[in-house]
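Data first, discussion second: the structure below is written as structure tokens.
Every number for a ligand or one of its atoms is a count from 1 in the order of the listing.
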Amino acid sequence: MTGGSILVRHAALIEHFHALTDSWPAAHLLVTEDGEIVAANIAAQKLSGLERDTCNGKKLSDFVSDRPDDLLQYLHVCARNRRPMPGAISWRQTGNGPHEYRCQGFVIEPHSSASSALVIIHCETKDVAGNKFIALNRKMEELKDAYNKLAAQAEDLKSEIARRMRMEEKQRALEKQMYHVQKLESLGIMAGGIAHDFNNMLMAVLGNADLALADLDPWSPVRPFIEEIEKVSRRAADLCRQMLAYSGRGNFVVKTVNLSDLLLDMAGMLEISVSKKAVLKFNCPENLPPIDSDPSQIRQIVMNLVINASEAIGNRSGVITVSTGAVECDRSYLAATFLDENLAEGLYTYLEVADTGHGMDGETKAKLFDPFFTTKFTGRGLGMSAVLGIVRGHKGGIKVYSEPGRGTTIKLLFPSVPDALPEDMHEGPAGDGKWQGQG
Ligand SMILES: Nc1ncnc2c1ncn2[C@@H]1O[C@H](COP(=O)(O)OP(=O)(O)O)[C@@H](O)[C@H]1O
Ligand SMILES: [Mg+2]
């Protein structure tokens, strides 16, 4: 064992040793059972010529005239006994020649697999017997107590630090969620405002293009130009629709919807929208608890998810599985959904789109719902933002499982309609709407 490491390990103990023993007239030494000096009080420094700052790690045998073997033997006896062990030490006093002092050795830290024992040796000032030892032993007990207390405090401190770190971690997670909600809100207000006005202007462009086409001679050379205007305006209107969905300002008419029926109705359209290499599978049970939602918005979500899945598969072959089901969600399950805004516990109907595509790394997953975030050459980055806006409008949650090279599963949870009658399992008449969008 090196003196340096002892110093580091026992810095607090050494402080205590000096605080207690420096004022005492008797020489006190803190030594390892191997005879290395850890600390010497002022009296011991005077006796031996040791210095406080440089004594650490020095050999006790260099300062005494006892035989080194005898000294070690004595220290081992001290280290193995719980009681103070009487002995004698002959100091090579500077100037005065060796002088024998009666002493007592007392183990203060027993030896362990990692380190040897620590022993305190205190020497008598005069060669007298009597009560003095008892008084000093009590002081040593005090020192040991102080050390134990210190060790306990260190434990307390450690658990306190761990507790604070856990709290800070929680706080950071909360702040991150708040930040997401705020971003969603402020971007939503902006996107919604622009998209709404823009959409109205586009309707005027489209309407006028339609009127112009109606009046035009079928062979007119300007017809292809106006048709192009119409086509591009429809694409722009589509973009506006995504932006409005993200902002939660889309037009919606709510009905009681059975997700399985809705998906199976869409099957044909989905088949032609996905890549030829992708196999589309449906796993949609009939007896599904219905949800309250706007079917056209749900179709928009399904389209966005399935197209993303198909694009993730790309030119390789792969499978896209669209599933529905119901799941009882407790707080801990809901807390792990994206944008958990204190969703209510209970029965949720889910819609899940899983693909065997290229998957996402952590960075992509973190930005998945950011408006205009895309990793695609042709992407616009509004698909998942619209999904988020719509799910949020339904008081639902989103779970994302994805790994690079392994594929992606996106699960959308919608609160099930409680106690719905079997007839309600299907879309109700249009007038049923419980809530209406402002558009
Ligand atoms: N199923 C998926 N598999 C892998 N990556 C996906 C998937 N869905 C979305 N992403 C990633 O999220 C990004 C954002 O998606 P989205 O908002 O739909 O925008 P876009 O499809 O226009 O890029 C995509 O560019 C892609 O990197
Ligand atoms: Mg997309």
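Considering only non-hydrogen protein atoms, atom 20 (P) of ligand 1 sits nearest to Gly381 N, 3.6 Å. The nearest heavy-atom contact from the protein to atom 23 (O) of ligand 1 is Thr374 OG1, 2.5 Å. The protein heavy atom nearest to atom 14 (C) of ligand 1 is Phe373 O, 3.3 Å. Here the protein heavy atom with the shortest distance to atom 12 (O) of ligand 1 is Leu368 CD1, 3.2 Å. The protein non-hydrogen atom at the shortest distance from atom 21 (O) of ligand 1 is Lys376 NZ, 2.7 Å. Distance from atom 1 (N) of ligand 1 to its nearest protein heavy atom, with residue and atom name: Asp355 OD2, 2.8 Å. Looking only at protein heavy atoms, the nearest one to atom 4 (C) of ligand 1 is His358 CE1, 3.5 Å. Looking at atom 17 (O) of ligand 1, its nearest protein heavy atom turns out to be Met384 N, 2.8 Å.
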Going through the distances and angles, do Met303 and Val387 end up as a side chain to side chain contact (heavy atoms under 4.5 Å, CB included)? CA-CA 10 Å; Met303 221 37 198; Val387 169; over 6 Å; no

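Across the listed options Leu305, Thr408, Thr375, Thr375 owns the non-hydrogen atom lying nearest to atom 27 (O) of ligand 1. One option in Asn308, Val353, Asn304 has a heavy atom closer to atom 8 (N) of ligand 1 than any other, and that option is Asn308.
If you check the side chains of Ser416 and Thr349, you find a donor sitting under 3.5 Å from an acceptor. Using modelled atom types and a 3.5 Å distance limit, the side chains of Gln104 and His122 yield no donor-acceptor pair.
By the neighbour-count criterion of 12 heavy atoms within 6.0 Å, atom CG of Asn315 is sparsely surrounded, having that number or fewer from other residues, nucleotides or ligands.
Heavy atoms of Met360 found under 4.0 angstrom from ligand 1 belong exclusively to the side chain. When heavy-atom distances to ligand 1 are checked against a 4.0 Å cut-off, Ile410 has no atom that comes that close, whether in backbone or side chain.
When atom types are taken as modelled, the side chain of Asn199 and the backbone of Cys240 share no donor-acceptor pair closer than 3.5 angstrom.
Close approach of ligand 1 to Gly383 (heavy-atom distance below 4.0 Å) involves ligand atoms 16 (P), 17 (O), 18 (O). Contact atoms of ligand 1 toward Arg380: 22 (O) (distance under 4.0 Å to a heavy atom of the residue).
Salt bridge annotation for Arg164-Glu160: present, with a cationic side-chain nitrogen under 4.0 angstrom from a carboxylate oxygen. Arg166 has no carboxylate O lying under 4.0 Å from a charged side-chain N of Glu169, or vice versa, which leaves the two without a salt bridge. With salt bridges taken as basic N to acidic carboxylate O contacts below 4.0 Å, one links Glu230 and Arg234.
Put simply, part of Gly359 is less than 4.0 Å from ligand 1, judged by heavy atoms.
Judged by the 6.0 Å and 45° rule, Lys399 forms a cation-pi pair with Tyr333.
Residue contact annotation: Asn308 places an N/O/S atom under 2.8 Å from the Mg ion (ligand 2).
With contacts defined as side-chain heavy-atom distances shorter than 4.5 Å, the pair Leu211/Asn208 qualifies.
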